[in-house]
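Right, one structure below, let's go through it.
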Amino acid sequence: MTNYWLMKSEPSEVSVDDALAAPGATVAWTGVRNYQARNFMRDGMRIGDGVLFYHSSCAEPGIVGIARVASAAYPDPTQFDPQSPYFDPKSQPEAPRWLLVDVQMLQKTRNLTLAELRASDELRELIVLRRGSRLSITPVEPEHWQLILKKLGVNTPI
DNA sequence: GCCAACGTTGGC
DNA sequence: GCCAACGTTGGC
């Protein structure tokens with residue numbers, strides 16, 4: 001059973017172009033420090049799941065690429081690195097608190113902007129559009145996934 | 001830069 | 001277990 005997800009990244013941290021340029025077009029999704037988002041990675045994600053790559057906290061927030069989950073969840077090394085902004089002194093190596101998955105870019109798309117998403121009646125239930133939604137990882141319904149890919153003119157690769 | 005919304009922390 | 005205070009997210 002393939003699931004679908006929307007994952008937010010600040011382009012000033014890791015942009016869709018950064019992800020594409022990475023070895024294997026694959027990046028480790030570091031820095032998730034929210035339990036709900038962590039649990040989605042740990043309990044919900046499977047290798048091969050579809051990912052909508054979303055740019056947040058930028059001039060034109062929106063979906064900018066299609067990716068796939070490329071690993072199972074494993075401990076995020078940045079939680080143990082005192083030099084990292086994601087360092088968590090309360091996390092113990094024998095009981096890691098924070099996890100990540102590898103995410104592989106499949107293709108860059110045009111920017112399907114937040115404004116455009118909001119304008120779609122059929123996408124009204126998309127979690128990322130909810131008022132005050134701050135979750136960096138949210139599940140996406142298959143119907144929403146299909147509709148978004150259609151809007152992007154992308155043949156479903158997953 | 002502002003601020004609404006939300007999650008986390010910690011005193012009690 | 002409650003809840004006020006605080007910190008963060010993220011659109012605008």
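First the proteins, then the strands, lettered A, B, ... as listed; each starts at 1.
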How many Å lie between [atom1] on [X] and [atom2] on [N], as a whole number?
{"X": "A:Arg97", "N": "B:dT8", "atom1": "CZ", "atom2": "C1'", "value": "11 Å"}
{"X": "A:Tyr86", "N": "C:dT8", "atom1": "OH", "atom2": "C1'", "value": "12 Å"}
{"X": "A:His55", "N": "C:dG11", "atom1": "NE2", "atom2": "C1'", "value": "16 Å"}
{"X": "A:Glu60", "N": "C:dG10", "atom1": "CD", "atom2": "P", "value": "17 Å"}
{"X": "A:Glu116", "N": "C:dG11", "atom1": "CD", "atom2": "C1'", "value": "17 Å"}
{"X": "A:Ile137", "N": "C:dG10", "atom1": "CD1", "atom2": "P", "value": "11 Å"}
{"X": "A:Asp88", "N": "B:dG7", "atom1": "CG", "atom2": "P", "value": "18 Å"}
{"X": "A:Arg38", "N": "B:dG7", "atom1": "CZ", "atom2": "P", "value": "15 Å"}

Taking the six-membered ring for Trp, are A:Trp145 and A:Tyr4 parallel (under 30°), tilted (30 to 60°) or perpendicular (over 60°)?
-> parallel
Look at A:Lys150 together with A:Glu122 and state whether they make a salt bridge at an N to O cut-off of under 4.0 Å.
->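 Result for this pair is no, no salt bridge flagged.
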Measure from the side-chain heavy atoms of A:Leu114 and tell me the nearest of C:dG11, B:dT9, C:dT9.
-> C:dG11
Donor-acceptor pair under 3.5 Å, A:Arg33 side chain vs C:dT8 base = no
Spatial distance of atom CG (A:Leu114) from atom CD (A:Glu60) [nearest 0.5 Å] | 9.5 Å
In terms of heavy-atom contacts, does CZ of A:Arg124 have more than 12 from other residues, nucleotides or ligands at under 6.0 Å?
-> no
Reckon A:Tyr54 has a side-chain N or O less than 4.0 Å from the OP1 or OP2 of C:dG11?
->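 Result: yes.
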Phosphate contact (C:dG10 OP1 or OP2) by A:Lys8 side-chain N/O below 4.0 Å |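 A:Lys8 to C:dG10 OP1/OP2: side-chain N or O found under 4.0 Å.
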